[in-house]
Amino acid sequence: MPRKIAAGNWKMNGLRANLAELDALAKAHPAPAVDVLICPPATLIAACRELPFAIGGQDCHANASGAHTGDLSAAMLADAGATAVLTGHSERRTDHGETDADVAAKSTAAHAAGLQAVICIGETLAEREGGTTLSVIDTQLAGSVPDGATAANTVIAYEPVWAIGTGKVPTTDQIAEVHAHIRARLSERFADGADFSILYGGSVKGSNAAEIFAVDHVNGALVGGASLKAADFSPIVAALETA
Ligand code: 13P
């Protein structure tokens, strides 16, 4: 069975003062019935170690060490207390030109360091409107998910680029179509493809979480803006717990 995961991606937000939000979240969910994964900026990972949540990085370098000023290796994230790392977020693909091959290499590096890779994929608005969503998903899955992926070391996050931070959410039929497609592709390629967690991401809020979690093959969410405040993220965790 896929694990249910409520994941928060803080992106480039969060100073030490904001850890109070995670303390409040921990008070509300001292022993969550689903996996809760918080991906704060890397500067805060070590400070999150005592929380009752899994902690993740937002990116890692493909190499284990070396002359790569400003980058962090997967082993460094693990050393700071992370058990997971996002790879291939659309903002990394856009801001830093990351290709599917880069994402696969980073995901392999994550696995080598014992981190779970949360591999992000999703179509742009032009691709959706051009009717190529499923072929874009196929290309990204084939190119970004390394052969060493298993349900234990890899999570797939479907994040339509046009839904990220926009307040626009696909219909439940659109989410269902893509998640079923991802599940089919994973099952074709991996012996344990049925067990991978597949998360939906893009403008998830407390008010829409329950209907998204009711969609087949949606095993949780990757949440940006609504993960920054305990008051916003707590209802999403609660919705997944009862889904
Ligand atoms: P929002 O929830 O702010 O739309 O962000 C989604 C996202 O990109 C999570 O990785």
Side-chain angles (χ1 to χ4, degrees), residues 4-14 18 21-22 25 34-42 44-45 48 53-60 77 82 84-96 98 102-103 106-107 110 115-125 127-128 133 136-137 140 144-145 154-172 174-175 178-179 182 197-213 215 218-240:
K4 289 189 192 178
I5 305 172
N9 173 12
W10 277 23
K11 309 190 179 185
M12 198 172 71
N13 300 291
N18 302 101
E21 294 296 333
L22 294 178
L25 190 70
V34 297
D35 290 4
V36 175
L37 168 66
I38 304 293
C39 300
L44 296 182
I45 290 174
C48 291
F53 312 129
I55 304 301
Q58 299 176 9
D59 175 53
C60 65
L77 298 174
V85 61
L86 308 180
T87 57
H89 191 281
S90 70
E91 288 150 17
R92 299 289 315 174
R93 293 177 187 260
T94 301
D95 292 358
H96 299 275
E98 292 185 9
D102 294 329
V103 177
K106 287 171 183 241
S107 302
L115 296 184
Q116 192 170 58
V118 180
I119 303 177
C120 305
I121 59 174
E123 83 285 2
T124 63
L125 185 59
E127 290 162 343
R128 161 82 42 194
T133 295
V136 168
I137 294 297
Q140 292 180 332
S144 300
V145 181
T154 299
V155 170
I156 305 298
Y158 168 56
E159 299 205 304
V161 178
W162 52 275
I164 294 176
T166 59
K168 292 185 190 142
V169 183
T171 65
T172 50
Q174 288 173 323
I175 296 173
V178 176
H179 277 245
I182 293 169
S197 297
I198 307 174
L199 312 184
Y200 168 77
S203 296
V204 176
K205 304 182 202 48
S207 56
N208 61 20
E211 67 170 332
I212 293 171
F213 295 151
V215 175
V218 173
N219 308 118
L222 179 55
V223 183
S227 72
L228 295 172
K229 298 272 185 225
D232 295 332
F233 197 52
S234 176
I236 297 172
V237 174
L240 189 59

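Both ligands and their constituent atoms are indexed starting at 1 by order of listing. Numbers here are sequence positions counted from 1.
A donor-acceptor pair under 3.5 Å links the side-chain atoms of K106 to the main chain of C60, judged by distance alone. A donor-acceptor pair under 3.5 Å is formed between the side chain of N208 and the backbone N or O of K205.
Among residues at least two apart or in separate chains, side-chain hydrogen bond (donor to acceptor under 3.5 Å, both in side chains) pairs with a member in residues 154-166 are H89-E159, H111-T154, E123-Y158, E123-W162, R128-Y158.
With hydrogens and angles left out, the side-chain atoms of T124 and E127 include a donor and acceptor closer than 3.5 Å.
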Listing, residues 219-227 side-chain donor-acceptor contacts under 3.5 Å, not counting sequence neighbours, or none:
| unit_1 | atom_1 | unit_2 | atom_2 | d |
| --- | --- | --- | --- | --- |
| N219 | OD1 | R183 | NH2 | 3.0 |
| N219 | OD1 | I198 | N | 2.9 |
| S227 | OG | V223 | O | 3.2 |
| S227 | OG | G224 | O | 2.7 |

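Residues passing the side chain to side chain contact (heavy atoms under 4.5 Å, CB included) test with A163 are P160, P170, Y200, sequence neighbours excluded.
Contact residues for ligand 1 (protein heavy atom closer than 4.0 angstrom to any ligand atom): N9, K11, H89, E159, A163, I164, G165, G202, S203, L222, V223, G224, G225.
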